[in-house]
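Here's the structure, in structure tokens; my notes come after.
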2 protein chains.
Amino acid sequence: MSIVVRPDQPAAAKPAVSRPAARRAAAGEEQPAALDDRLGYWLRLAQMAAFEAFNEAMAPLDLTPGRLGALLLIEASPNAHQSTLAEALHVKPPNMAVMLGRLEQDGLIRRVDDPANRRANMLRLTPAGRALLRRARKVEEELEVKLSAGLNTKERAALIAALRRIAEKS
Amino acid sequence: MSIVVRPDQPAAAKPAVSRPAARRAAAGEEQPAALDDRLGYWLRLAQMAAFEAFNEAMAPLDLTPGRLGALLLIEASPNAHQSTLAEALHVKPPNMAVMLGRLEQDGLIRRVDDPANRRANMLRLTPAGRALLRRARKVEEELEVKLSAGLNTKERAALIAALRRIAEKS
DNA sequence: CGCTCACTGTTATGGTGCATAATTATATCG
DNA sequence: CGATATAATTATGCACCATAACAGTGAGCG
């Protein structure tokens, strides 16, 4: 992909104005747009591509990253409370509530009153939820393979480690 | 961050950091959290962290990733058309229009009629736009340093290359 | 006990980003 | 000329996310 945009017009007038001499020297030719060696920029584009691929693959299962994340965590930690889940998924409690409401309506999870704390709900997968999760895992594996195509195992691990360091910065 | 949620045990010991699936498997535990060795998952979290850091740093300049990207591209490619810019930034034309409208209102860019095509606008930075860009570059550099802290030059390059490959998959 | 305060979850509400559809003006081509 | 394509814009709707306000419950303390 090209970052530097070429005006349709043969640009008779070069900028001639102050163009910060960042590191244009390395490119040798025209000025690089200063966008394509930015971590944040590629992070954004990569995430968008991954998101799109995910949606496409999971559409038949009616799963979004958030929904799948919730199901996975509920499976891994049955009887977890909503607030705990919300924190783990970086979702605000109000939005967690509506999302779980939909999951429950779809018959994928159940909310069981916690006898030890009648304010709280314990979350559990229904059989349907478990079944969906099995299907999702297959789809997700293929997706992961596609995403990390071109990366060997070691590169992939390094990538995840790097992303993790960035993510855990805040 | 911990992926496996423990509701009952009040997380006696701090969950510490998440544990890679491999280590868990070696430890004989059978239920992996299944979230923390996913490219898509960490991509999302890293992007969120980067986005947050960006917003915080750029708030005084009233810049978003999109706005900054537009300014940078306009600087690099003066007289570019809106549609070209929209494509480069992965923004739909309608949204590009309102965004550029705001940039123009803020006195950062100008829309000049293209004499060769009276439907199109040629985009240029105003002096104020150039000035803001100078400030933004400084902020952005510090930000980039923070983001890639813990990564040496080579690792950073590898990370960007990997992200790029993912982004360009679609 | 009764009061206050913290917590769990929920609903209501608003902003923002992004997408599509429709509109206007211009360009291009048969 | 007339049909179709392009560039930009406006209008509109939706999904996501955040905050605020609320109801029900638990827990500490005089």
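Reminder, nothing fancy here: chain letters follow the sequence lines and each chain counts from 1. Since we're looking at a predicted model, the values are computed, not measured.
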Using a cutoff of under 3.5 Å, can you pull out all pairs of nitrogen or oxygen atoms linking the protein to nucleotides 7-9 of chain C, with atom names and distances?
| residue | atom | partner | partner atom | Å |
| --- | --- | --- | --- | --- |
| C/dC7 | O2 | A/Arg119 | NH1 | 2.8 |
| C/dT8 | OP1 | A/Arg119 | NH2 | 3.4 |
| C/dG9 | OP1 | A/Gln82 | N | 3.2 |
| C/dG9 | OP1 | A/Asn121 | N | 3.1 |
| C/dG9 | OP2 | A/Ser83 | N | 2.7 |
| C/dG9 | OP2 | A/Ser83 | OG | 3.2 |

Report, one pair per line, the protein and nucleotides 13-24 of chain C atoms (nitrogen or oxygen only) whose separation is under 3.5 Å.
| residue | atom | partner | partner atom | Å |
| --- | --- | --- | --- | --- |
| C/dA19 | N7 | B/Asn95 | ND2 | 3.4 |

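Partners of B/Glu141 according to the salt bridge (charged side-chain N to carboxylate O under 4.0 Å, His left out) rule, which considers only residues two or more places apart in sequence or in another chain, do not exist here. Applying the salt bridge (charged side-chain N to carboxylate O under 4.0 Å, His left out) criterion to A/Arg130, with sequence neighbours excluded, gives no partner residue. Considering only residues two or more places apart in sequence or on other chains, B/Glu56 meets the side chain to side chain contact (heavy atoms under 4.5 Å, CB included) condition with none of them. When the side chain to side chain contact (heavy atoms under 4.5 Å, CB included) test is applied to A/Arg67, the partners found at least two apart in sequence or on another chain are A/Asp62, A/Leu63, A/Thr64, A/Met99, A/Arg102, A/Leu103, A/Asp106, A/Leu108. Scored by the side chain to side chain contact (heavy atoms under 4.5 Å, CB included) test, A/Pro94 finds A/Lys92 as partners (sequence neighbours excluded). Applying the side chain to side chain contact (heavy atoms under 4.5 Å, CB included) criterion to A/Asn55, with sequence neighbours excluded, gives A/Phe51, A/Pro65.
Closest of all the heavy-atom pairs between B/Gln82 and B/Asn121 is OE1-ND2, 3.0 Å.
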Donor-acceptor pairs are to be reported for all side-chain atoms of residues 150-159 of chain B against protein atoms at under 3.5 Å, with residues two or more places apart or in another chain.
| residue | atom | partner | partner atom | Å |
| --- | --- | --- | --- | --- |
| B/Asn152 | OD1 | B/Lys154 | N | 3.0 |
| B/Asn152 | OD1 | B/Glu155 | N | 2.6 |
| B/Glu155 | OE1 | B/Asn152 | N | 3.0 |
| B/Arg156 | NH2 | A/Asp37 | O | 3.0 |
| B/Arg156 | NH2 | B/Glu144 | OE2 | 2.7 |

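Toward the 5' end of DNA chain D, the nearer of the two residues B/Glu104 and A/Ala116, judged by each one's closest nucleotide, is B/Glu104.
Going from atom CG of B/Asp114 over to atom P of C/dA25 covers 19 Å, rounded to whole Å. D/dT10 atom C1' lies 15 Å from atom CG of B/Leu100, rounded to whole Å. A/Leu89 has its CG atom 15 Å from the C1' atom of D/dC16, to the nearest Å.
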